[in-house]
Amino acid sequence: MLAEVAATGRRPRREELDARRALGELAAASGLGLRAMVSSHLAAARTDWPGVPGSADRVLAALQQAVDAFAEGYERAQRLAVRREEAVRREFIDDLLHGRSDLGRLAARAERFGLRLAQAHAVAVAQGPEFYDEGDSVARQVEQALLGRFGGRSVLLTTKEGRLLCVAPGDQEEILSHFAKQAYAATDGCQVALGRPQSGAGGVMHSYEEALSVLELAQRLDLDDPVLRAADLLVYPVLGRDRQAMADLVRNVLGPLASARGGARPHLDTLTVYFDSGCVSAEAARRLSLSVRALTYRLERIHRLTGASPADPAQRYMLQTAVIGARLLDWPATEL
């Protein structure tokens, strides 16, 4: 081809460039380096350089086109390989988090991504103000921070439905704690839920679902802690397990508050802040921007309406449980 170009000045034909592209794809599939392949093209051109006077510009122009076509084919094959790898990884992550695959086959596939599902794993889920995806700056920043500290210690970092996820061995809580810290910094204040360590091939799925439940619970109960551990919040799933019984408790204990001026919401908020303040009237009044006297009046009003006194230990427990139930059931916004 170079000899004809030197003699006639013609450009490389389309089929000649297509052949270079095909060779580039073949070189990529064979695992050969692009730098070495370009060097070999240049060496071949020097060896077979046509000896026609004044042909240098023509030959170099043709060589440039040939090498460019070769590199294009090589890079195209590389992109396809990356996309296939990403698709395989995404399919594995979906199966891992939702249990859509045979558990034995799933465990075998997991080893390719550095996970040994025979041991217990825990999942941390970070939910921030924005939608996060793999490859964006936030995900890369968190991944670099984890790899810089822990290397490839059986850690899987990914995204799912706009959230950042970290899967780590269950006995290495420091990894998930560091993930929470880095995610909080990278997202400018996200909330991270940590599922409990769970064993077996389905353990990742169970821990992931638990972490999602904690985030949902935090939204319902207005929990604003940056890090929430499922192990510390087990009482809430227990309380919410029997929805009908909880609805009956809320209706019977707090239902009379609906007859108060302004409805049940102001009194329910008062009880919520009072219990969150450790039943310390001065602190609750400060949080509600009330005087202690005004707060005391509200608590007395609640006592008269419900027949339960927040000051009485036994009745206080019933009231507090009903308040938690109201928040879980979104009462009074939602009818019971």
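Residue numbers run from 1 in the order of the sequence given. Side-chain atoms are counted along with the backbone in the values below, which use heavy atoms only and exclude waters and symmetry mates.
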### Message
Closer than 3.5 angstrom, by distance alone: can the side chain of Arg21 be matched with the main-chain N or O of Gly73 as a donor-acceptor pair?
### Response
no

* Under-4.0 Å salt bridge between Asp232 and Arg229 -> no

Under the side chain to side chain contact (heavy atoms under 4.5 Å, CB included) criterion, do Leu164 and Val125 qualify, and how do the steps go?
CA-CA 6 Å; Leu164 294 171; Val125 180; over 6 Å; no

- So do the side chains of Met1 and Arg10 get within less than 4.5 Å of each other, counting heavy atoms only? yes

**Item:** Asp94 side chain vs Glu91 backbone, donor-acceptor pair below 3.5 Å
**Value:** no

Side-chain heavy atoms nearer than 4.5 Å, only ILVMFWY residues, links allowed to pass through others: does that put Val280 and Leu288 together?
no

Single-linkage hydrophobic cluster Tyr317~Phe275, side-chain heavy atoms < 4.5 angstrom
no

Item to complete: Give a yes or no answer on whether the side chain of Asp136 reaches the backbone of Ala139 with a donor-acceptor pair at less than 3.5 Å.
Response: yes

- Parallel under 30°, tilted from 30 to 60°, perpendicular over 60°: which one fits the rings of Phe150 and His178? perpendicular

Separation between CZ (Arg251) and CE (Met246), nearest 0.5 Å, reads 12.5 Å

Could you please spell out the steps behind the side chain to side chain contact (heavy atoms under 4.5 Å, CB included) verdict for Arg90 and Ile93? CA-CA 5 Å; Arg90 176 50 59 186; Ile93 290 171; 3.7 Å; yes

So with a 6.0 Å cut-off around CD of Glu15, is the heavy-atom count from everything else above 12?
yes

Rounded to the nearest 0.5 Å, the CG atom of Leu221 sits from the CD atom of Glu216 at a distance of 10.0 Å

Check your understanding: Yes or no on side chain to side chain donor-acceptor pair (under 3.5 Å) for Asp68 and Gln64, after CA distance, side-chain angles and deciding distance?
Key -> CA-CA 6 Å; Asp68 183 68; Gln64 181 181 3; over 6 Å; no

Taking every heavy atom of Val204 against every heavy atom of Val123, the minimum-distance pair comes out as O-CG2, 3.6 Å

Trace of the side chain to side chain contact (heavy atoms under 4.5 Å, CB included) decision for Asp222 with Arg327:
CA-CA 9 Å; Asp222 295 324; Arg327 296 165 75 181; 4.3 Å; yes

Check your understanding: Between Glu25 and Arg20, is there a side-chain N and carboxylate O pair less than 4.0 Å apart?
Key -> no

Please determine if Arg11 and Glu16 form a salt bridge, counting it only when a charged side-chain N lies under 4.0 Å from a carboxylate O. no

Value for CZ (Phe179) from CG (Leu165), rounded to nearest 0.5 Å, stands at 6.5 Å

Ser207 side chain to Gly203 main-chain N or O, any donor-acceptor pair under 3.5 Å?
no

Shortest non-hydrogen pair, Ala126 vs Cys190, comes out as CB-SG, 3.9 Å

Original post:
Do Ser259 side-chain atoms and Pro256 backbone N/O form a donor-acceptor pair below 3.5 Å?
Top reply: yes

_Side-chain touch Glu283/Val273, heavy atoms, less than 4.5 angstrom_ = no

Please check: side-chain N/O of Thr159 versus main-chain N/O of Gly162, any donor-acceptor pairing under 3.5 Å? no

* Asked: Take atom CZ in Arg76; do more than 12 heavy atoms of anything else shown fall under 6.0 Å from it?
  -> yes

message: Less than 4.5 Å apart, side chain to side chain, heavy atoms only: is that true for Cys166 and Leu176?
response: yes

Value for CG (Leu96) from NE2 (His121), rounded to nearest 0.5 Å, stands at 8.5 Å

Is a donor on one side and an acceptor on the other found under 3.5 Å between the side chain of Gln191 and the backbone of Gln127? no

Practice item. Answer yes or no: is there a side-chain heavy-atom contact under 4.5 Å between Asp171 and Pro197? Key: no

Report task. With the side chain counted from C-beta on, respond yes when Ser281 and Tyr274 share a heavy-atom pair under 4.5 Å apart, and no when they do not. Result -> yes

Here the gap from Leu290 atom CG to Leu295 atom CG, rounded to the nearest 0.5 Å, amounts to 6.5 Å

In this structure, CG of Asn252 is separated from CE of Met318 (nearest 0.5 Å) by 9.5 Å

Problem - Derivation and outcome, side chain to side chain contact (heavy atoms under 4.5 Å, CB included), residues Leu254 and Leu271 - result: CA-CA 11 Å; Leu254 301 178; Leu271 285 173; 4.2 Å; yes

So do Leu97 and Met205 actually touch side chain to side chain, heavy atoms under 4.5 Å? no

Do Glu130 and Thr187 have side-chain heavy atoms sitting under 4.5 Å apart?
no

What one should report as the nearest heavy-atom pair of Ile175 and Ala168 is CG2-CB, 3.8 Å

**Study point:** Tyr297-Leu305 co-clustered via ILVMFWY side chain contacts under 4.5 Å
**Key:** no

### Message
Under 4.0 Å between a side-chain nitrogen and a carboxylate oxygen: does that hold for Arg14 and Asp18?
### Response
no

Between Ser199 and Ala120 the two heavy atoms that sit nearest each other are OG-CB, 3.7 Å

Exercise. Could you tell me whether the side chain of Arg220 and the main chain of Leu328 form a donor-acceptor pair under 3.5 Å?
Key: yes

**Item:** Pro310 backbone acceptor or donor facing Gln320 side chain under 3.5 Å
**Value:** no

Correct closest heavy-atom pair for Arg301 and Ala260 would be NH2-CA, 4.3 Å

Exercise. Measure the shortest side-chain to side-chain distance between Glu72 and Leu17 over non-hydrogen atoms and say whether it is less than 4.5 angstrom.
Key: no

- Message: Quick one: does any side-chain atom of Asp225 pair with a main-chain N or O of Leu228 as donor and acceptor, under 3.5 Å?
- Response: no

Taking every heavy atom of Arg287 against every heavy atom of Asp276, the minimum-distance pair comes out as NH1-O, 3.6 Å

### Path from Phe70 to Leu42 over hydrophobic side-chain contacts below 4.5 Å
yes

Linking I/L/V/M/F/W/Y whenever any side-chain heavy atoms sit under 4.5 Å apart, do Tyr184 and Val192 land together?
no

